[in-house]
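Below is one structure, written out as structure tokens; comments come after it.
None of these values were measured; they are calculated from a predicted model. Numbers here simply count residues along the sequence, with the first being 1.
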Amino acid sequence: MCKQASYTKYQKRIIKFLNDLLGSEIPFKYERTQSNHLKVLIDGVLKPIYTGSTPSDCKSLNNFMADVKRELKVSKVVLQSPLKSKDPVAIRQQKDSLSKLMQSCIKSCRTRIDVLKQREEEAVIANKSVDVIATLRDEVIKHSLSHALQGRKAIGYIKPREMRELEGSLSKHLAFMLPTLAFYSELISAKNKIKPVVMEEGKQERKLDLVAVSLQKKNDFARTSNSSASNDSKAIEPVALLNVQQSSAQELMSLSKANRVSLFRGVTKAQALELIEDIQQAMAMNREQDIDAVISMIQEKDLPLEMIISRMEAA
């Protein structure tokens, strides 16, 4: 789920309408698709509801509101009925306060949904079990309620039954917004399947290291045995290391895309950024080398620059 700032003005109006219509009773979630459309999933509605990033006409919002209400009616999702006027004023105020408290907790969890999902994935992978999900979500529920209560001191005393209802409602919303236990089980199975591939890649890296060490030993032996050709051996050493580096890169590129991705998943963020910077530097050095080669060829053959420029513009 993207941050609220990444949505368009029209999409924010859609989200506000959903919050007002569904309230804290019916869980829903939304996300932005690759085509910048808004995808809405409502608990109890079998199919997702889509809308664009900008309104096509002045009635787009009304049409979307009608579509949502129609789908809710078809799916027999019952919206919360308005409070009866015969309820005492104190009871109505307490119910309104609890409803606003619940909406505040849901909004807080919805804005942190990506962080919560990443935290659950890390915990599941570390423990290799989905049993930690219940504990993590209970902690999120208690933290969200306690934080919301600190900001709403006018609510007063909340009965244990009301607190259990709030916890159950928030747990229902989290279960709809976050991945299911089946998703995490498949994630654990996928991690277990990737391990043999990573071990195989590690064996190949060790083989390349052994090749580099053997070449280094050969160069050292040649340098010590032939004192008269010491300068030549020094010139050969960087060439041998360069060949090892080139062979390592070729070995890496000869792997399949899936194996390379599996290999790079074990790299930390800092190492990945350093690797990207090294690749960019290597590309820049190759580009400078190509430019120098072209300039040398132009100077060697005495080619007129005006003619080259005119040919390039014509092409």
Check your understanding: Can you find a heavy atom in the side chain of Tyr7 that is under 4.5 Å from one in the side chain of Ile15?
Key -> yes

Check your understanding: side chain to side chain contact (heavy atoms under 4.5 Å, CB included) with Glu165: which residues, sequence neighbours excluded?
Key ->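 Arg161.
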
In residues 286-305, what donor-acceptor pairs under 3.5 Å come from side-chain atoms, sequence neighbours left out?
residue: Asn286; atom: ND2; partner: Ala282; partner atom: O; Å: 3.3
residue: Ser296; atom: OG; partner: Asp292; partner atom: O; Å: 2.8

Practice item. In sequence, state the C-alpha distance, the side-chain angles, and the governing distance for Arg260 and Lys257, and then conclude on side-chain contact (heavy atoms from CB on, under 4.5 Å). Key: CA-CA 5 Å; Arg260 285 200 303 270; Lys257 183 177 180 180; 4.2 Å; yes

If I compare all heavy atoms of [X] with all of [Y], which pair ends up nearest, and what's the gap?
X      : Y      : value
Arg112 : Ser144 : NH2-OG, 3.5 Å
Ile188 : Lys128 : CD1-C, 3.7 Å
Tyr184 : Lys117 : OH-O, 4.0 Å
Cys109 : Leu116 : O-CD1, 4.1 Å
Gln11  : His37  : NE2-C, 4.0 Å

Practice item. Please test His173 against Asp43 for side-chain contact (heavy atoms from CB on, under 4.5 Å), starting from the C-alpha separation and ending with a verdict. Key: CA-CA 9 Å; His173 281 269; Asp43 188 19; over 6 Å; no

Check your understanding: Could you walk me through whether Glu122 and Ile125 pass the side-chain contact (heavy atoms from CB on, under 4.5 Å) check?
Key -> CA-CA 5 Å; Glu122 293 176 352; Ile125 294 173; 6.0 Å; no

Review point. Taking atom types as modelled, is there a side-chain donor on Ser129 or Asn127 under 3.5 Å from an acceptor on the other?
Key: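 Not at all, the side chains of Ser129 and Asn127 share no donor-acceptor pair under 3.5 Å.
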
**Study point:** Asp138 with Lys142: basic N within carboxylate O range, under 4.0 Å
**Key:** no

Exercise for review: Would you sort out whether Phe64 and Ile14 count as a side-chain contact (heavy atoms from CB on, under 4.5 Å), showing the intermediate values?
Suggested key: CA-CA 8 Å; Phe64 180 80; Ile14 294 293; 3.3 Å; yes

Expected list for residues 270-279: side-chain donor-acceptor pairs under 3.5 angstrom, two or more places apart:
residue: Gln271; atom: OE1; partner: Thr268; partner atom: N; Å: 3.3
residue: Gln271; atom: OE1; partner: Thr268; partner atom: OG1; Å: 3.4

For [X] and [Y], indicate whether the former's side chain and the latter's backbone hold a donor-acceptor pair under 3.5 Å.
X      : Y      : result
Arg110 : Phe28  : yes
His147 : Leu145 : no
Thr111 : Ser108 : yes

Check your understanding: Going through the checks in order, is the salt bridge (charged side-chain N to carboxylate O under 4.0 Å, His left out) test met by Arg137 and Glu167?
Key -> CA-CA 10 Å; Arg137 293 186 181 178; Glu167 291 177 353; over 6 Å; no

Exercise for review: Just do the side-chain hydrogen bond (donor to acceptor under 3.5 Å, both in side chains) check on Tyr10 and Thr51 with the steps written out, would you?
Suggested key: CA-CA 10 Å; Tyr10 171 70; Thr51 184; 3.1 Å; yes

Check your understanding: Just wondering, are more than 12 heavy atoms of other shown residues or ligands nearer than 6.0 Å to CZ in Arg13?
Key -> no

Check your understanding: Between Leu187, Ile133, Val115, which is the residue that forms a side-chain contact (heavy atoms from CB on, under 4.5 Å) with Glu120?
Key -> Ile133

Point to revise | Lys NZ or Arg CZ of Lys29 over Phe176 ring: under 6.0 Å, within 45° | key: yes

Practice item. Walk me through it: do Ser256 and Asn259 pass the test side-chain hydrogen bond (donor to acceptor under 3.5 Å, both in side chains)? Key: CA-CA 5 Å; Ser256 62; Asn259 291 340; 3.0 Å; yes

